[in-house]
**Q** 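Structure incoming, see below.
As a basis for the values below, the full set of heavy atoms in this structure was taken, side chains included, without hydrogen atoms, waters or symmetry mates. Source: prediction; values computed, not measured.
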Amino acid sequence: MSTEQRKKMIVLMINMFIAIGSFGIIIPILPAYLASINQGGVAAGLMIAIFAGAQLIFSPIAGKWTDQYGRRKMIIYGLAGLTLSMFIFYAVNSIWLLYASRVVGGIGAALLIPAIFAYVADITTFDQRAKGNSLVSASMSLGIVVGPGIGGFLADFGLKFPFLISALVSLASVIFSILVLKESETKETAQATNMADEESMARQIVMSTKKPYFIPLIITLVLSFGLMAYESIIGLYLDNQFSATPQEIATMITATGIVSVIVQLFVVDRVVRRFGEITVLNIFIGITAIGFLLSLFASDYAFFFGISLIIFLSTSILRPVLNTLISKMAGNEQGFAMGMNNAYMSIGNVLGPTLAGLMYDIRIMYPFVLGLVLLVITLFITMAWQKRSVHAKTLSKQS
């Protein structure tokens, strides 16, 4: 990458790091906080599902706005939504108002995420796309590393205190973006995308079924479903099964985040260049499924810790690979494609934690079984798509 590209990537990475880090602060204390207001697995699942539901509804609109009005505005508005959500979360104790704060945060995420990945596509070449997406994903993982570690420490000052710090840090990201971030698109591109017709979310989802990147979108949905079923109850599971403290939960999340950062910075680009996106998807979806299977037999905190490292290592590779694959196949439809990617991910993020929370309250191991089944389905979908793609290329060469 050129010096100018690196500067822009650094700005994007800092924005993503602050946004994700501010939310990560509350992760280790969420189980204890929900218990303090007499809430359990259902509430934990709904916290994520409602966030993802709002993200789902607004993602197609946000993708279109990203193309029409520019990446910079959507990034700033998205960060502002996340900031407002955090301040509401700090200020109230009512479970219904907490759910409302998650709606606001979901809208913010819907505006932010497609805009950042579309921005990456704007400033990178086709060959640089995987590296660019990996760098942004690494900043997300770094936020997950730093945030929970800080949250576990801040919990000693009271359960509500991390929420305040989270809101203030998120506010800093808004100010940083206003002062530093510049627009990425050329005037010509912006004018071209402004000509696009407005479509409803349902219409855009129907349109996406005819796109060449439809199967990767489906893989994103199913993978998100299984992964979020796991992530949404991991804190409650550690607390219930192994009597883990907020600090121990923070330690696990921090360690898995460190692994994710290392992998995304130094491994993803090299692995993709050597084996290609499809082969990498097959391998690491399989490894993630094995991790879910082993979770069913975890007998202590240390064993579960090791399994979590495997799962997060694999998913830290899968996420940027899927983003890159969709981006490469999208051509000039970066905003629409990233909006759809966000929408499909949000569908999985809604269904996964909702069902996981309900199933957790029935039996704590059921969410892991659910995730395992969905990952196996994802693997079969990926392999079938790969075979069909190879067959289509063969026929094309013969003709």
Side-chain angles (χ1 to χ4, degrees), residues 19-20 22-59 61-62 77-113 147-148 151 154-155 157-171 174 201 224-225 228-237 239-240 246 249 342-343 345-362 364 366-367:
I20 301 301
S22 66
F23 178 73
I25 288 174
I26 74 171
I27 292 176
I29 51 90
L30 190 59
Y33 178 70
L34 290 177
S36 73
I37 58 175
N38 301 315
Q39 300 295 327
V42 172
L46 287 176
M47 285 289 178
I48 297 176
I50 290 173
F51 181 96
Q55 192 175 354
L56 165 65
I57 292 171
F58 278 85
S59 284
I61 301 172
Y77 294 157
L79 291 171
L82 290 171
T83 301
L84 178 59
S85 172
M86 293 301 175
F87 274 112
I88 296 173
F89 213 96
Y90 166 71
V92 304
N93 286 318
S94 166
I95 189 64
W96 297 107
L97 291 177
L98 292 175
Y99 289 154
S101 77
R102 305 305 290 145
V103 173
V104 176
I107 294 172
L111 297 173
L112 175 68
I113 296 174
L154 294 175
F157 299 93
L159 288 177
K160 296 284 284 185
F161 188 65
F163 299 149
L164 175 60
I165 299 301
S166 174
L168 293 175
V169 171
S170 187
L171 178 61
V174 177
M201 179 192 66
S224 296
F225 188 115
M228 292 309 298
Y230 180 87
E231 291 186 352
S232 64
I233 51 85
I234 188 172
L236 291 174
Y237 176 81
D239 180 39
N240 194 347
I249 296 172
N342 207 20
M345 181 177 65
S346 296
I347 294 173
N349 290 351
V350 170
L351 298 179
T354 301
L355 290 180
L358 293 171
M359 297 174 76
Y360 179 88
D361 284 344
I362 297 172
I364 61 176
Y366 282 175

**Q** Quick one, F89 and L98 - any side-chain contact, counting heavy atoms below 4.5 Å?
**A** yes
**Q** Quick one: are F87 and L168 in side-chain contact, heavy atoms under 4.5 Å?
**A**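 Yes, side chains in contact.
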**Q** Distance from R102 atom CZ to I88 atom CD1, nearest 0.5 Å?
**A**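 The distance works out to 11.0 Å.
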**Q** Is there side-chain contact between Y360 and Y366, with heavy atoms separated by less than 4.5 Å?
**A**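 Y360 does not reach Y366 side chain to side chain.
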**Q** When rounded to the nearest 0.5 angstrom, what distance separates CG in L111 from CG in L82?
**A**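 Reported to 0.5 Å precision, the distance equals 9.0 Å.
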**Q** Determine whether a donor-acceptor pair (N or O, by modelled atom type, separation under 3.5 Å) exists between the side chain of S85 and the backbone of S101.
**A** yes
**Q** Got a sec: does the OH of Y90 have more than 12 other heavy atoms crowding it under 6.0 Å?
**A** no
**Q** How far does OH of Y237 sit from CD1 of I364, to the nearest 0.5 angstrom?
**A**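 One gets 5.5 Å once the value is rounded to the nearest 0.5 Å.
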**Q** Mind checking the CG-CG spacing from L171 to L84? Nearest 0.5 Å is all I need.
**A**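 It is 11.0 Å, given to the nearest 0.5 Å.
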**Q** Output yes when a side-chain donor or acceptor of T83 lies under 3.5 Å from a complementary backbone atom of S170, and no otherwise.
**A** yes
**Q** F161 vs F157 aromatic rings, parallel, tilted or perpendicular, using cut-offs 30° and 60°?
**A**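 Aromatic pair F161/F157 classed tilted.
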